[in-house]
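Below you'll find the structure, written out as structure tokens, and then a few comments.
Start at 1 and go down the list; that is how both ligands and their atoms are numbered. If you read the sequence from its start, that first residue is 1, and numbering goes on from there. For the numbers below, each heavy atom of this structure counts, side chains included, while hydrogens, waters and symmetry mates do not.
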Amino acid sequence: MQEKKSIHGSWASRWVFILAATGSAVGLGNIWKFPYITGENGGGAFVLVYLLCIALVGIPIMIAEVFVGRRARQSPINALMDLAEESGKSKSWGAIGFMGMLAGVLIFSFYSVVAGWVLQYIFSSASGALNGVSSEQAGELFNNLLADPTTLLMWHTIFTIMVVIVVIGGVNAGLERATRIMMPALFVLLFVLFGYGMSTDGFAQGWSFMFDFDFDKLTWDAVLVAVGHSFFTLSLGMGSIMAYGSYMPKRASIGSTVLAIGFLDTLVALVAGLAIFPIIFANGMDPAAGPGLMFISLPVAFGQMAGGQFFGTLFFVLIGVAAWTSAISLLEPTVAYLVERVGLKRSSATIALGVVVWAIGILCLGSFNFMSDVTLFGKNVFDFLDYITANIMLPLGGILIALFAGWVVKKKHASDEINLKSEGLFNLWLFVVKFIAPAAVGVVFILNL
Ligand code: PFF
């Protein structure tokens, strides 16, 4: 049988797939969100739950997404429908893909606002405006930014355009090139910052905040946030990784590739936490400061460091790139679907989608100023979209994909495609996606109600 190919292109090699998927996974979720939700949820015990979720639920579901995508070589909705049909089941399983597209659109709209903050900080840092700031001044600068819708709108617009341009360029042209250089540089700089954190007298406290488990601090809501974040950070539950999997070369081994991506993503989050918390404690700041945590702690650290203006600027550039390579993957499944289904040109599909996410993004940035009194279920629009996507839509999508891979697709099809070295390992994976992952996430959902 001739090998199926995606009409959208394919990654040049397994290595490029790893880069692209890691580019999708590593983003604001790791460097901005993970530290701040760890701070809000009391530290150690939360981190432990998050790590367990990555290993027990995230990795197996990522394997499921990659194999479904690669076997069908189509956008998520069509991939799910095709594999269901191939196994003689109902095509309505494709509906999971619709929820995923909606999640991607909603996530993009607030993601782009935060990425906009990062872009602003590149300039603040480069211009020297952050040199030597105290923690109070850093807090004030951040609040001033939030209070200024015009500046927020400008950066949100620029970021959306940056993403649209790369997505129009397609799989090979834009994406590969950006990730190849920038990801390794981000790693190096994170370690530099980690080294700085180690040299401060907040390091021991930062370390124990992250790794000493105090289960009294853990609530069911915190567990749900940890579960949700494990999906968010690995880009699971909405079809991003499935879409990327559909461009993956046939020969590459899915198991080891997914392990590498999960490992790198977790490493970046932990190192980011170990860089940020020592700075927080050394300067007497509040670890539970919320979404501004990174934006008030890093300027203080760079402000005190030799060469801080340079390193600070570089660091914000790299975070911006990490956000960029992630945001691309939020749009890709929907763009691929519009091309396949509606027959739009890639460029038209991307621009149309870009306009939609840009418009919803305006509501998110307004949450901090002109719309601050608009609330949904007691949250502003920004927090509400973050909450329902990360804590509800992605885990729900993830469970459904697990159930799909475990119960709908014929075992033979899954094992052919995943092609693990040992049959024992395959059976373990199958057991996890059939029972463990859906049950674990389901229980957390129910206990939260
Ligand atoms: N994984 C990205 C991050 O951690 O920043 C965010 C993200 C990208 C979530 C793509 C979901 C997704 F489909």
Study note, to complete from the structure: Going by the 4.0 angstrom heavy-atom rule, the piece of Ala25 near ligand 1 is backbone
**Study point:** Part of Phe231 within contact of ligand 1 (heavy atoms, under 4.0 Å)
**Key:**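 Neither; no heavy atom under 4.0 Å.
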Review point. Distance-only, no hydrogens or angles: does the Ser125 side chain make a donor-acceptor pair with backbone N or O of Ile122 under 3.5 Å?
Key: no
Check your understanding: Is the shortest distance from a heavy atom of Gly104 to ligand 1 less than 4.0 Å?
Key -> no
Just jot down the ligand 1 atoms closer than 4.0 angstrom to any heavy atom of [X], in number order.
X      : result
Met238 : 12 (C), 13 (F)
Ser329 : 8 (C), 10 (C)
Ser24  : 1 (N), 2 (C), 8 (C)
Ser240 : 10 (C), 12 (C), 13 (F)

Review point. So between Ser235, Ala323, Gly237, whose heavy atom ends up nearest atom 10 (C) of ligand 1?
Key: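 Considering heavy atoms of Ser235, Ala323, Gly237, the nearest to atom 10 (C) of ligand 1 sits in Ser235.
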Close N or O approach ([X], ligand 1; < 3.5 Å):
X      : value
Leu28  : yes
Thr233 : yes
Gly29  : yes

Carboxylate-amine/guanidinium proximity below 4.0 Å for [X] and [Y]:
X     : Y     : result
Lys33 : Glu40 : no
Asp82 : Arg71 : no
Arg70 : Glu65 : no

Review point. What is the closest protein heavy atom to atom 5 (O) of ligand 1, and at what distance does it sit?
Key: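 Protein heavy atom with the smallest distance to atom 5 (O) of ligand 1: Tyr111 OH, 2.5 Å.
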Point to revise | Identity and distance of the protein heavy atom lying nearest atom 1 (N) of ligand 1 | key: Phe232 O, 2.8 Å
Review point. Near Phe435 CZ, under 6.0 Å, is it more than 12 heavy atoms from other residues, nucleotides or ligands?
Key: yes
Practice item. Look at atom NZ of Lys345 and say whether more than 12 heavy atoms of other residues, nucleotides or ligands are closer to it than 6.0 Å. Key: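 No, NZ of Lys345 has 12 or fewer neighbouring heavy atoms, counting only those of other groups under 6.0 Å.
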Point to revise | ring pair (Phe, Tyr, Trp, His ring centres under 6.0 Å) partners for Phe445, two or more places apart | key: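 Once residues adjacent in sequence are excluded, Phe445 has no partner under the ring pair (Phe, Tyr, Trp, His ring centres under 6.0 Å) criterion.
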Exercise for review: Can you label the angle between the Phe209 ring and the Phe277 ring as parallel, tilted or perpendicular, going by 30° and 60°?
Suggested key: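 Answer is tilted, since the angle falls between 30° and 60°.
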Practice item. Identify the heavy atoms of Trp324 and Met162 that sit nearest to each other, and give their distance. Key: NE1-O, 3.1 Å
